[in-house]
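Down below is the structure, laid out as structure tokens.
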Amino acid sequence: MKENIVSLLPTELEQELTSLGEPRYRAGQVFRSLGRGVRDFDAMKDLPLSLREKLRERYEIYAPKVLNKQISKLDGTIKYLWELRDGNAVETVLMQYRHGNTVCISSQVGCRQGCAFCASTIGGLVRGLEPAEMLDEVLFTQLDSGLPISNIVLMGIGEPLDNFDNVMRFLELVNHTQGMNIGMRHITLSTCGLIERFDELAERDLQITLSVSLHAPDDETRSRIMPANHGRGVDALMDACRRYYERTGRRISFEYAMINGVNDSAEHARLLAKRARSVGAHVNLIPLNHVEERPFQPTTQGHMKAFIRILEDAGVNVTVRRSLGGDVDASCGQLRRKRERALHDA
Ligand code: SAH
């Protein structure tokens, strides 16, 4: 299969074009067109016809198609379901916060991590997204909505560290000054804790925020809801977090989805506080989004307050994620699941 030209960095484009006998400045022209969302070589009017022809022979180029778009009446959150070149679909969510417009993007089609409460993993992993496909989630969400995007969270479908090289390349592309120029400090990567990748990530010395989906502070509970805990364990996860923090100086945040009767006891709270303090992590509590295929229910609000009090009394920095887009299948993976079910039933 031909390579998607959008996945190439400017230096690589330069090499490609000079090897085709073109002057170097052509690379900049191509990269800037791609950065504006041009997805048709013929629309690159600043290139000679012969070059457009050569590029068409060598490279894939295409725009993702909007399969479904839902706009929340409650808070303006927009949820996109994109169709990719090969017919697969992924979701992107645009949230309008006071500190800027944030997109939540998918990093894989499906997921193999098997978290018991998550909709994205139900059909397993299909494939990782290409760097271009992740970039296009951000770029085409901005172009379609007309809302300038300043922040990115890799918290959609998929496990970013299970698609490591493509995600690293995507970060470079989206951060590039001649591209979307989104600062690394405005990007958060969320992982279920694939600790064997943490050191490699730390070595990249990016200024991104690493967010760890902890969801339980002890092995018994965590292994029950997150298969990724098997063979790794919470102690090893904490060691990896500590090393990451020491090497990068970037504070880690723990995500903790509150699941009724599963991970929300006072004992869980006390151990969570201890874990968070031991690595200087910030705790972000998430009211569980109920997923149709899953048996779990969110913790009640009153109970959540008691849980928060224990953490705060222990000196832990806690925030509760505001739930946006409640009327548009807010939790990622749900829209894609709906389509899969519809295709299956048809
Ligand atoms: N694979 C990565 C990123 C994708 S999930 C990870 O595990 O971090 C983004 C966040 O949403 C994770 O913290 C995940 O555990 C959480 N999540 C998944 N299903 C959820 C649900 N039904 N309700 C609340 N949070 C959920």
Side-chain angles (χ1 to χ4, degrees), residues 111-122 124-125 155 158-162 164 189-202 210-247 251-289 291 293-299 303-304 306-321 331 333:
C111 183
R112 62 170 134 210
Q113 304 304 327
C115 295
F117 44 82
C118 180
S120 301
T121 196
I122 292 171
L125 175 68
M155 292 190 183
E159 167 52 47
L161 297 188
D162 192 30
F164 194 86
L189 185 154
S190 179
T191 176
C192 64
L194 302 188
I195 50 179
E196 58 279 18
R197 292 294 199 174
F198 280 30
D199 292 340
E200 210 175 335
L201 185 62
L210 180 63
S211 184
V212 172
S213 298
L214 188 60
H215 303 321
D218 62 286
D219 282 325
E220 196 194 324
T221 313
R222 193 163 193 269
S223 292
R224 197 184 318 145
I225 52 177
M226 299 183 70
N229 196 58
H230 290 291
R232 295 187 178 95
V234 180
D235 285 341
L237 178 55
M238 294 304 118
D239 287 344
C241 288
R242 209 170 296 116
R243 270 204 315 278
Y244 184 88
Y245 180 37
E246 281 163 8
R247 284 202 196 168
R251 204 173 272 279
I252 285 179
S253 81
F254 288 160
E255 284 156 277
Y256 201 99
M258 305 266 322
I259 313 174
N260 191 30
V262 173
N263 63 357
D264 60 353
S265 72
E267 201 185 329
H268 285 124
R270 283 191 289 272
L271 185 54
L272 171 59
K274 213 164 121 189
R275 298 289 199 187
R277 276 204 318 261
S278 80
V279 298
H282 165 105
V283 174
N284 195 213
L285 297 175
I286 314 166
L288 182 84
N289 272 306
V291 172
E293 293 93 335
R294 303 301 205 185
F296 303 110
Q297 297 297 334
T299 300
H303 196 80
M304 204 155 159
F307 195 91
I308 294 169
R309 201 167 314 122
I310 295 174
L311 292 172
E312 283 177 343
D313 287 349
V316 175
N317 188 340
V318 195
T319 48
V320 178
R321 183 171 306 160
S331 99

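If you're wondering where the values come from, they're calculated on a predicted model, not measured in any experiment.
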Please determine whether side chain to side chain contact (heavy atoms under 4.5 Å, CB included) holds for the pair T299 and F307, giving the CA-CA distance in whole Å, both sets of side-chain angles, and the decisive distance to 0.1 Å.
CA-CA 10 Å; T299 300; F307 195 91; over 6 Å; no
V279 vs F254 side-chain heavy atoms within contact, under 4.5 Å:
yes
What pairs with F198 under side-chain contact (heavy atoms from CB on, under 4.5 Å), at least two apart in sequence or on another chain?
L161, T191, I195, L210, V212, L237, A240, C241
Nearest heavy-atom pair of T121 and G114: which atoms, and what distance?
OG1-N, 2.8 Å
Between CZ of F164 and CD of E196, what distance do you get to the nearest 0.5 Å?
10.5 Å
Is L125 close to E159 at the side-chain level, that is, under 4.5 Å between some pair of heavy atoms?
no
Can you give me the closest heavy-atom contact between C192 and R222, atom names plus distance?
O-NH2, 2.9 Å
Would you say the side chain of S213 lies within less than 4.5 Å of the side chain of S190, judging by non-hydrogen atoms?
yes
Which value, rounded to the nearest 0.5 Å, describes the distance between L201 atom CG and R247 atom CZ?
11.0 Å
Closest approach of V320 to M304 (non-hydrogen atoms, all atoms of both residues):
CG1-CE, 3.6 Å
Close side-chain approach of N260 and L288, heavy atoms under 4.5 Å
no
Test side chain to side chain contact (heavy atoms under 4.5 Å, CB included) applied to R197 and D162, step by step
CA-CA 9 Å; R197 292 294 199 174; D162 192 30; over 6 Å; no
On a heavy-atom basis, which atom in D218 and which in V234 lie closest, and how many Å separate them?
C-CG2, 3.9 Å
For the residue pair P160 and L189, establish whether any side-chain heavy-atom pair is separated by less than 4.5 Å.
yes
Between L311 and V318 the two heavy atoms that sit nearest each other are CB-CG2, 3.6 Å
Carboxylate-amine/guanidinium proximity below 4.0 Å for R270 and D313
no
Do H303 and D264 come close enough that some side-chain heavy atom pair is under 4.5 Å?
yes
Separation of I252 CD1 from M238 CE (nearest 0.5 Å):
8.5 Å
In this structure, is the centre-to-centre distance between the rings of F117 and H215 below 6.0 Å?
yes
Using side chain to side chain contact (heavy atoms under 4.5 Å, CB included), reason through I225 and F296 one step at a time and then give a plain yes or no.
CA-CA 10 Å; I225 52 177; F296 303 110; 4.3 Å; yes
Any idea which heavy atoms bring A273 and A314 closest together, and the distance?
CB-CB, 3.7 Å
Under 6.0 Å from the CD atom of E267, do we count more than 12 heavy atoms belonging to anything else shown?
no
Hey, does M258 have a side-chain heavy atom less than 4.5 Å from the side chain of P287?
no
Nearest 0.5 angstrom please: R242 CZ to D239 CG, how far?
5.0 Å
With no hydrogens and no angle check, is any side-chain donor or acceptor of R294 less than 3.5 Å from a backbone partner on A119?
no
Has R275 got a side-chain atom pairing as donor or acceptor with P217's backbone, closer than 3.5 angstrom?
yes
Would you kindly say whether S211 and E255 are connected by a side-chain donor-acceptor distance under 3.5 Å?
yes
Taking 4.0 angstrom as the limit, do E246 and R243 come out as a salt bridge?
no
Does Y256 reach the main-chain N or O of L272 with its side chain, forming a donor-acceptor pair under 3.5 Å?
no
Would you find a donor on one side and an acceptor on the other, under 3.5 Å apart, between the side chain of N263 and the backbone of A257?
yes
Crowded around E220 CD? As in, over 12 foreign heavy atoms under 6.0 Å?
no
Once side-chain hydrogen bond (donor to acceptor under 3.5 Å, both in side chains) is applied, what residue pairs with a partner in residues 277-287 remain, sequence neighbours excluded?
H282-N317, H282-T319, N284-T319, N284-R321
